[in-house]
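Quick notes on the structure that follows.
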Amino acid sequence: MEIREQLENLVNDALKSAIEGGKLALAEVPQAAMERPRDTSNGDWASTVALRCAKQAKMNPRQIAQIIVDELPENDLVSQCEIAGAGFINLTLAPAVFQGVARCVRTEKDNFGKGEIPAGESYVNLEYVSANPTGPMHVGHGRWATLGDAMARVMRHAGYNVYEEFYINDHGTQMDIFGTSVAVRYLQLLGHDVALPENSYGGGYVKDIAQGIIDRDGDTWVSAPEEERMAAFREIAYSEMLQNMEATLAGFGNHFECWFSERSLYVAGPDGTSPVTRSLASMREKGFIYEEDGATWFKSTAFGDEKDRVCIKENGEYTYFMSDVAYHYDKLERGFDHLINIWGADHHGYVKRCEAMLAAWDRPGALEVVLGQLVNLYRDGEAVRMSKRTGEMVTFKELIEEVGVDATRYLMLSRSSDQPIDFDIEAAKKKDASNPVYYVQYAHARICSILRKVAPADAAAATLAGTMTMDALADQLIAVDTDLARLTEPSELALMRTMSGFSELVAAAARDRAPFRLTHFAQDLAGTFHQFYTTCHVIGEDAELQAARLYLLDATRIVLAKSLNLLGVSAPTEM
RNA sequence: GCGCCAGUGGCUCAACGGAUAGAGCAUCGGACUUCUAAUCCGACGGUUGCAGGUUCGAUUCCUGCCUGGCGCACCA
């Protein structure tokens, strides 16, 4: 049982017996609702229950607090109990409670802080990035890549069953325009006088693709029929862009269970139906589809949208929205109960109609759209849009190459997703105190260094060579039954106290889709460690104390590594 | 005009409705003969955009206003 629950039970029991004993006149038993005071001088945990029921009980809150404290059952958790301020009940826990946390960490290792699946959540589809395959990913996509990945990691650790998906918009006229753009560049490179039509893709990468085709096939496509050439080039360019995105994201540490093609939504199966026809039929059956002005409409206003939306245009073409209708329907068909989409804030106008379609299928609330604010790039405080090298929009790939994966991820995650990010490339590249990612990683590396120092030389060397994990090394050095009773220094207790909040933090970060909180936790834990490092020595203390501190150190290492891992950031063993 | 997001020290950000609003950076002053100084300690710095309301208690919730970003297609 979590410490919070145990304390709540204690206080709740006290309340109950005070009421039953006639000392408190309350119609119903209020909840203890323990919280962690920001200032540890107010104890490790506090209850505000006395404040909240003062009015009903018609008593002074401090008086109520005293009654509750008097009724607190005997226990070995609380070492000190204080009534403070207006009527706060502040509890200080016995060191043994915190020592138990350290033991729990070393026992559970990578599973420390792992949660149970929240009620009502069974199978979550998390869709993110979903960049168009008509060009390279830009910096904003990097934010979604980071956020989605961290969200998936955090939610999994909190017990959710998460399936990560990338939606490829490979259907529709934009793809033909892409193919045409490549074809024009191809002809131009071969000396033909062809103008690039308006609305074309004009980026340098289009020319590169065309050059690639020339390198492979020469001028054989010049004589091909225009339509055929466009279609062929479209497919070549598409597959190149897709490989590009896959490689960039894989290098960034992302993994998608599924790369879902929009085209597949239009392909009929053996029974002659496709997701498009099935989703439309389902809506029609429920009475939310109608024809007007030659077009086919979804009655999204029935669910709060500001206007109805077209699914099939007057000219018979399907809208982009139709694809999304089919796509979400397909997700439901594939068995997902909860659909989470991460979108840029510039798409927020699109949310209502998508929520409406889920409601039309009697699955209101099944769709959750996480909107993220955009990324502004800076270099030494100056706004940058264009890359110096290409003269075009800075791509995500360029950003990672210049800044590095860890610093990019950490910075992208260090703000709540509904805050815009001002990403300064030069600031992100700095390897000093102003860059928090190194502060956290350094704490981890420092611990590893101490562990290596007390280890046999060959084992220490093996961890540096990568042939032995730190976990394995720690297991050699640290006895399972190490006595932790000597860990009573303030900085030792602070470390364990910080770690004791980890599982609750993971649960909250998952619930609120806010992995950025892990960055604050990691910095907090790293800071607490650095303090410990300066006040407490490990090596050279008496055998019992050294053993206990090594144990604590390794617990800290595990939690630091886990926090970084949940953010998708590496935990280096030396720096 | 309507809608979404946000406004907290010079800068970047925190704070389940709780206590004296916390960190980091920057600035200034200290600490390496000791397990990594990518570290630590200290100082300076605030009318939480404005005005009301709810509450024992509001940065947090409600209303109005101001400022900034984004969006309001038979485009994708």
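Predicted model, so just to flag it, every value in this text is computed and none were measured. Each chain gets a letter, A, B and so on, in the order the sequences are listed, and its residues count up from 1.
Set against B:rG71, B:rC74, B:rA38, the side chain of A:Asp346 has B:rG71 as its closest nucleotide. Considering only side-chain atoms of A:Arg38, the nucleotide from B:rU59, B:rA76, B:rG69 that sits closest is B:rU59. Listed candidates were B:rC74, B:rC56, B:rC72. Nearest to the side chain of A:Arg52 is B:rC56. Comparing atom distances between the A:Leu51 side chain and each of B:rA37, B:rC4, B:rG18 picks out B:rG18 as nearest. Distances from the side chain of A:His530 to the nucleotides B:rG71, B:rU39, B:rA14 place B:rU39 closest. Residue A:Thr534 places its side chain closer to B:rC40 than to any other of B:rC70, B:rC40, B:rC35. In this structure, of B:rA76, B:rA14, B:rC74, it is B:rA76 that holds the atom nearest to the side chain of A:Gln174. With B:rC74, B:rG18, B:rC4 as the candidates, the nucleotide lying closest to the side chain of A:Leu371 is B:rC4.
Outside the 6.0 Å centre-distance limit, the rings of A:Tyr238 and A:Phe178 are not counted as a close aromatic pair.
Using N1 to N3 plus N6-O4 or O6-N4 for Watson-Crick, or N1-O2 and O6-N3 for G-U wobble, each under 3.5 Å, B:rU67 pairs with B:rA6. Under the Watson-Crick or G-U wobble criterion, with both distances below 3.5 Å, B:rU20 has no partner in any strand shown. B:rG1 and B:rC72 make up a base pair, with Watson-Crick or G-U wobble contacts both under 3.5 Å. Nucleotide B:rU34: unpaired (no Watson-Crick or G-U wobble partner with both distances less than 3.5 Å). Under the Watson-Crick or G-U wobble criterion, with both distances below 3.5 Å, B:rU59 is left unpaired in every strand shown. Across all strands shown, B:rA14 remains unpaired; no Watson-Crick or G-U wobble contact has both distances below 3.5 Å.
For B:rC72, the OP1/OP2 oxygens have no side-chain nitrogen or oxygen of A:Lys352 closer than 4.0 Å. OP1 or OP2 of B:rA37 sits under 4.0 Å from a side-chain N or O of A:Arg446. Phosphate contact (OP1/OP2 of B:rC56, side-chain N/O of A:Lys55, threshold under 4.0 Å): present. The side chain of A:Lys430 contributes no N or O atom lying less than 4.0 Å from OP1 or OP2 of B:rA26. Distances shorter than 4.0 Å separate none of the side-chain N or O atoms of A:Gln523 from OP1 or OP2 on B:rA23.
Under the stacking definition used here (centres under 5.5 Å, planes under 30°), the residue A:Phe88 qualifies as stacked on the base of B:rA19. By the 5.5 Å and 30° criteria, A:His348 is not stacked with the base of B:rC70.
Residue A:Lys453 is in sugar-phosphate contact alone, with no base atom involved, counting any heavy-atom pair closer than 4.0 Å across all strands shown. Contacts of A:Ala427 with the nucleic acid, taken as non-hydrogen atoms under 4.0 Å apart, are absent. Among the heavy atoms of the strands lying under 4.0 Å from A:Gln531 are primed sugar atoms or P, OP1, OP2 only; no base atom is included. Among the protein residues, A:Glu306 comes within range of the sugar-phosphate backbone only, with heavy atoms under 4.0 Å from sugar or phosphate atoms but none that close to a base. As judged by a 4.0 angstrom heavy-atom cut-off over every strand, A:Cys53 is placed among residues making no nucleic acid contact. Among the atoms of the strands shown, none is found under 4.0 Å from any heavy atom of A:Asp39. Using a 4.0 Å heavy-atom cutoff across all strands shown, A:Asn376 reaches no nucleic acid atom at all. A:Ala445 comes within contact range of at least one nucleobase, with a heavy-atom separation under 4.0 Å. Using a 4.0 Å heavy-atom cutoff across all strands shown, A:Ser323 reaches no nucleic acid atom at all. Within the nucleic acid shown, A:Ala295 comes within 4.0 Å of at least one base atom, counting heavy atoms only.
Ring-plane geometry between A:Tyr327 and A:Tyr167 is classed as parallel, the angle between the planes falling under 30 degrees on a 0 to 90 degree scale with a further cut at 60. Ring-plane geometry between A:Trp259 and A:Phe166 is classed as parallel, the angle between the planes falling under 30 degrees on a 0 to 90 degree scale with a further cut at 60.
Counting to the nearest Å, the C1' atom of B:rC75 and the OH atom of A:Tyr320 are 11 Å from each other. If you measure from atom CD of A:Gln63 to atom P of B:rC56, you get 18 Å, rounded to the nearest angstrom. One atom, CZ of A:Phe516, and another, P of B:rA23, lie 18 Å apart when rounded to the nearest Å. The distance from atom CD1 of A:Ile312 to atom P of B:rA76 is 13 Å, rounded to the nearest whole Å. One interatomic measurement links the two molecules: CZ of A:Arg353 to C1' of B:rA76, which rounds to 12 Å at whole-angstrom precision. Atom CD in A:Glu504 sits about 16 Å away from atom C1' in B:rA15, given to the nearest Å. Between A:Asp305 atom CG and B:rC72 atom C1' the separation is 11 Å, expressed in whole Å. Straight-line distance from the NE2 atom of A:His537 to the P atom of B:rC35: 6 Å, rounded to whole Å.
The existence of a salt bridge linking A:Arg263 and A:Glu235 is confirmed by a sub-4.0 Å separation between a basic side-chain nitrogen and an acidic carboxylate oxygen. Look at A:Arg486 and A:Asp542 and you find a salt bridge, because one of the NZ, NE, NH1 or NH2 atoms lies within 4.0 Å of a carboxylate O, short of that distance. Salt-bridge formation is detected for the pair A:Glu368/A:Arg513: a Lys NZ or Arg NE/NH1/NH2 atom is positioned less than 4.0 Å from an Asp or Glu carboxylate oxygen.
The separation of B:rA37 from B:rC32, taken at their P atoms, amounts to 12 Å, rounded to a whole angstrom. Annotation: B:rU60 and B:rA21 have their P atoms spaced 15 Å apart (nearest Å). A distance of about 27 Å separates the C1' atoms of B:rA51 and B:rA14, rounded to the whole Å. Nucleotides B:rG29 and B:rU34 have their C1' atoms positioned 24 Å apart, rounded to a whole Å. Using atom P as the reference point in both B:rU59 and B:rG7, the two lie 14 Å apart (nearest Å).
Judged by closest nucleotide on RNA chain B, A:Pro37 is the one of A:Thr535 and A:Pro37 placed further toward the 5' end. If you find the closest nucleotide of RNA chain B to A:Arg4 and to A:Tyr439, the one lying nearer the 5' end belongs to A:Arg4.
Between the CE atom of A:Met412 and the CG atom of A:Leu147 there is a distance of 10.5 Å, given to the nearest 0.5 Å.
Under the 90° criterion around 0 for the glycosidic angle, B:rC32 counts as syn.
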Take A:Met241 and A:Thr134, measure what side-chain contact (heavy atoms from CB on, under 4.5 Å) needs, and give me the verdict at the end. CA-CA 7 Å; A:Met241 282 297 118; A:Thr134 52; over 6 Å; no
For A:Arg284 and A:Glu291: C-alpha separation, side-chain torsions, deciding distance, then whether salt bridge (charged side-chain N to carboxylate O under 4.0 Å, His left out) applies. CA-CA 11 Å; A:Arg284 199 183 293 278; A:Glu291 320 289 330; 3.0 Å; yes
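Judged by distance alone with a 3.5 Å cut-off, no donor-acceptor contact links the side chain of A:Asp524 to the base of B:rA23. Contact of A:Glu35 with B:rC16 (side chain to base): a donor-acceptor pair of N or O atoms is detected under 3.5 Å.
For A:Glu116, the CD atom is loosely surrounded, since the number of other residues' heavy atoms within 6.0 Å does not exceed 12.
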